[in-house]
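Below you'll find the structure, written out as structure tokens, and then a few comments.
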2 protein chains.
Amino acid sequence: MGATKSDHFTEKQNELAILTKALGHPARIAIIEYLLKVNTCICGDIVNELPLSQPTVSQHLKELKNAGLIKGNIEGNAICYCINEVGFEKIKVFFTQIDLHLEKRKNECC
Amino acid sequence: MGATKSDHFTEKQNELAILTKALGHPARIAIIEYLLKVNTCICGDIVNELPLSQPTVSQHLKELKNAGLIKGNIEGNAICYCINEVGFEKIKVFFTQIDLHLEKRKNECC
DNA sequence: TTTTTATATTGCAATATTACGATATAGATT
DNA sequence: AATCTATATCGTAATATTGCAATATAAAAA
């Protein structure tokens, strides 16, 4: 017990859950919003921006990268981070479908 | 240590993180997808649909409800669940903003 | 080459999540 | 009233997440 039963759900459901889970923390939302504002930045910029230590920021960046929501390219000494559009495109597809469903049956609830 | 430092982030960031976090589990994605398909249902229907026990499903429903993604109305003996559009509207606003940002600077990355 | 700069990783403590059996609650049925 | 049906809650074990100090790594600058 304790571990998520990923085996019992579809690949699509698991993939989407990984993406939304990665966004399920205010620090990671803040990182995404910052990246949208500045386009590209290095880890140190985010450490200066957020009230978190360097290891903690590094860990959040790793999770966002693993989920496919950001990219990181080595640039000499530092690592340049930016938004990965692939991940956001997948999320968009899901929420677009939800919107279609919701518009079809407005207020049709119990 | 261990607890999320919600105090250090904006209300918007925390609110959005609560919504995305609630969707960050395949069982809860599956519940949302099922509700979109059948419009309304009771807890027992979901228990029959998912490979999870009744208490576990009940717990997931509680989290979705607390996040503002579903609603539950007492209907005699049972409880009728359905999508809460308020929560999804909030998520939509965020992702629409992201889309605008991303379109403005396509492939402008490091 | 030593030092500085920038990130990642390790190790660990605190806390949160996931899952379910057992049990409680509450309305419907007999 | 006793029973059935539907759901929630409690208690608990297993696992995952969050956060950071200490340390490792690796390229740049002195």
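Chain naming here is simple, since letters A, B, ... match the order of the sequence lines and numbering starts at 1 in each.
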In whole angstroms, how far is the [atom2] atom of [N] from the [atom1] atom of [X]?
X	N	atom1	atom2	result
B:His8	D:dT18	NE2	P	16 Å
A:His25	D:dA16	NE2	P	18 Å
A:Ile79	D:dA28	CD1	C1'	15 Å

With the side chain defined as heavy atoms from C-beta on, B:Ser58 is closest, among C:dT7, D:dA8, D:dT7, to D:dA8

Among the nucleotides D:dG19, D:dA8, C:dT7, which one has an atom lying closest to any side-chain atom of B:Lys5?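 Looking only at side-chain atoms, B:Lys5 lies closest to D:dG19.
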
By side chain to side chain contact (heavy atoms under 4.5 Å, CB included), B:Ala78 pairs with (sequence neighbours left out) B:Ile42

My understanding is that only residues two or more places apart in sequence, or in another chain, count here; which of them pass side chain to side chain contact (heavy atoms under 4.5 Å, CB included) with A:Ala17? B:Pro26, B:Ile29

Count the heavy atoms belonging to other residues, nucleotides or ligands that lie under 6.0 Å from NZ of B:Lys65, then report whether that count exceeds 12.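 Counting other residues, nucleotides and ligands, NZ of B:Lys65 stays at 12 neighbours or fewer.
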
Please check if the number of heavy atoms outside A:Ile74 that lie under 6.0 Å from its CD1 is greater than 12.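 No, because the 6.0 Å sphere around CD1 of A:Ile74 holds 12 heavy atoms or fewer from other groups.
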
Is A:Thr4 touching bases, backbone alone, or none of the nucleic acid, heavy atoms closer than 4.0 Å?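 The answer is sugar-phosphate, as A:Thr4 gets under 4.0 Å only of primed atoms, P, OP1 or OP2.
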
For A:Leu23, does its backbone N or O pair with a side-chain atom of A:Arg28 as donor and acceptor, under 3.5 Å? no

Going by the ring-ring contact (aromatic ring centres under 6.0 Å, His included) test, which pairs reach into residues 8-43 of chain B, not counting sequence neighbours?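 Qualifying pairs: B:His25-B:His60.
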
Just to confirm, is there a sub-4.0 Å distance from OP1 or OP2 of C:dT17 to any side-chain nitrogen or oxygen of A:Lys21?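 Looking at the OP1 and OP2 atoms of C:dT17, neither is under 4.0 Å from any side-chain N or O of A:Lys21.
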
Salt bridge (charged side-chain N to carboxylate O under 4.0 Å, His left out) partners of residues 48-62 of chain A, not counting sequence neighbours, each pair once: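 Residue pairs passing salt bridge (charged side-chain N to carboxylate O under 4.0 Å, His left out), neighbours aside: none found.
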
For DNA chain C, determine which residues of [range] have any heavy atom closer than 4.0 angstrom to one of its atoms, and list them numerically.
range	value
residues 59-77 of chain A	A:Lys62, A:Asn77
residues 44-57 of chain B	B:Leu52, B:Ser53, B:Pro55, B:Thr56
residues 27-35 of chain A	none

Angle by which the axis turns from one end of the helix from C:dT1-D:dA30 to C:dT30-D:dA1 to the other, five pairs per end, to 10 degrees: 10°

Give me each pair satisfying side-chain hydrogen bond (donor to acceptor under 3.5 Å, both in side chains) with a member in residues 9-23 of chain B, each pair once, sequence neighbours excluded. A:Glu33-B:Gln13, B:Thr10-B:Gln13, B:Glu15-B:Lys90

Using heavy atoms to find the nearest nucleotide of DNA chain C for A:Cys41 and B:Gly24 separately, return the residue whose nucleotide is more 5′.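 It is A:Cys41 whose nearest nucleotide is closer to the 5' end.
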
If we check side-chain contact (heavy atoms from CB on, under 4.5 Å) with A:Leu61, which of these qualifies: A:Ile79, A:Ile46, A:Asn66? A:Ile46

Is there a path from B:Val93 to A:Ile91 through hydrophobic residues (I, L, V, M, F, W, Y) whose side chains come within less than 4.5 Å of each other? no

Can you pull the disulfide bond (SG atoms under 2.5 Å apart) pairs that have at least one residue in residues 47-89 of chain A, sequence neighbours excluded?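 Every pair satisfying disulfide bond (SG atoms under 2.5 Å apart) with a residue in residues 47-89 of chain A: A:Cys82-B:Cys109.
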
Test: disulfide bond (SG atoms under 2.5 Å apart). Region: residues 5-76 of chain A. Which pairs qualify, not counting sequence neighbours? none

Partners meeting ring-ring contact (aromatic ring centres under 6.0 Å, His included) with A:Phe94 (sequence neighbours left out): none

